[in-house]
Trainee: 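Provided herewith is a single structure, encoded as structure tokens, for subsequent inquiry.
Sequence lines set the chain letters: A, B, ... in the order given, protein chains first and strands last, and positions in each chain run from 1. The structure presented is a predicted model; accordingly, all values stated were derived computationally and were not measured.
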Amino acid sequence: AYAYTSMIDSLCKEGRLEEAATMIKEMGKHGTELNSHVCNTLINGLIQASRLGDAVLLLRQMGRNGFSPTVVSYNILIHGLCKAGKISEASSFVKEMLENGWKPDTITYSSLLDGLCQDRNIELALNLWHQFLVMGFNPDVTMHNILIHGLCLAGKLEDAMNVFVKMGQWNCVPNLVTYNTLMEGFFKARDSDTATAIWGCMYKIGLEPDIVSYNITLKGLCMCGKVSYAIKLFDDALNHGILPT
RNA sequence: UCACUGCUC
């Protein structure tokens, strides 16, 4: 089942759903039973093929076939719905989880939080964040990054910085994504000084800028009318073996 | 011990 899951997952991710279906039939012939992991990869494949309705049907089917959907099944679906902008539908699945005794986890709430942020609904996003804390969860680095990104999108840079400096209280260490997100936020607000300072902080703690850092900073410097710095930075990137795109 | 889910350009 481990091997089948890996192969079916890869087929789904390449959009080769037909071949994935064939392989599932083959599983049965070899006496390997279907399990939730295999179904979850399929749900994921259906979502990536924009077949959200079929993904929901498959989740429903799981309940009827003896093995129930897991938190991961719901998480895949909720993430897919959020990415498709169907936030309220995603929320109703979270409610359904709670009603059925499935405990939504940090990933569930992170997906929903990201959906709200992308929907530019920072008020509801902050609401969800506070509820999450009240429920006694500990946000991880990824969830912090999602909130910081949302606050930047809403132009609330000070709030974003506040969340950033408080990460340590949750035993979270900011990572490259955190720094990249903040730099982009400040560049978009035309504050290249702060963005540059963040780049410096990143270096200080030993994080190496990646291709995303360079793309954000190159674009940001150009936006802020600092093309000469951008050209210098481009050379710097090449010297580090990175070719910005 | 090995398989499925969330963040930045």
Trainee: For residues A:F137 and A:W129, establish whether the separation of their ring centroids is below 6.0 Å.
Mentor: no
Trainee: Using a heavy-atom cut-off of 4.0 Å across all strands, would you classify A:S213 as base, sugar-phosphate, or nothing?
Mentor: nothing
Trainee: Should the pair A:D236-A:K232 be classified as a salt bridge under the 4.0 Å nitrogen-to-oxygen rule?
Mentor: no
Trainee: So what does A:N175 hit on the nucleic acid, given a heavy-atom distance under 4.0 Å: a base, only sugar-phosphate, or nothing?
Mentor: nothing
Trainee: Tell me whether A:N100 contacts the main-chain N or O of A:W102 through its side chain, where contact means a donor paired with an acceptor under 3.5 Å.
Mentor: no
Trainee: How many angstroms lie between CG in A:L59 and OH in A:Y74, if you round to the nearest 0.5 Å?
Mentor: 5.0 Å
Trainee: Base, sugar-phosphate, or nothing: which does A:T181 touch, judged by heavy atoms less than 4.0 Å apart?
Mentor: sugar-phosphate
Trainee: Aromatic rings A:Y109 and A:F132: how do their planes relate, parallel, tilted or perpendicular, breaks at 30° and 60°?
Mentor: perpendicular
Trainee: What is the nucleic acid contact for A:K188, judged by heavy atoms within less than 4.0 Å: base, sugar-phosphate only, or nothing?
Mentor: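 No contact at all - A:K188 keeps every heavy atom at 4.0 Å or more from the nucleic acid.
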Trainee: Give one of base, sugar-phosphate or nothing for A:M143, where a contact means two heavy atoms less than 4.0 Å apart.
Mentor: base
Trainee: Go through RNA chain B in 5' to 3' direction and return only the first and the last nucleotide with some atom under 4.0 Å of chain A's heavy atoms.
Mentor: B:C2 to B:C9
Trainee: Linking I/L/V/M/F/W/Y whenever any side-chain heavy atoms sit under 4.5 Å apart, do A:L207 and A:V173 land together?
Mentor: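 Different clusters: A:L207 never reaches A:V173 through Ile, Leu, Val, Met, Phe, Trp or Tyr contacts under 4.5 Å.
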Trainee: Heavy atoms under 4.0 Å, any strand shown: does A:D140 hit a base, just sugar-phosphate, or nothing?
Mentor: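 The answer is base, as A:D140 lies within the cut-off (heavy atoms under 4.0 Å) of a base atom.
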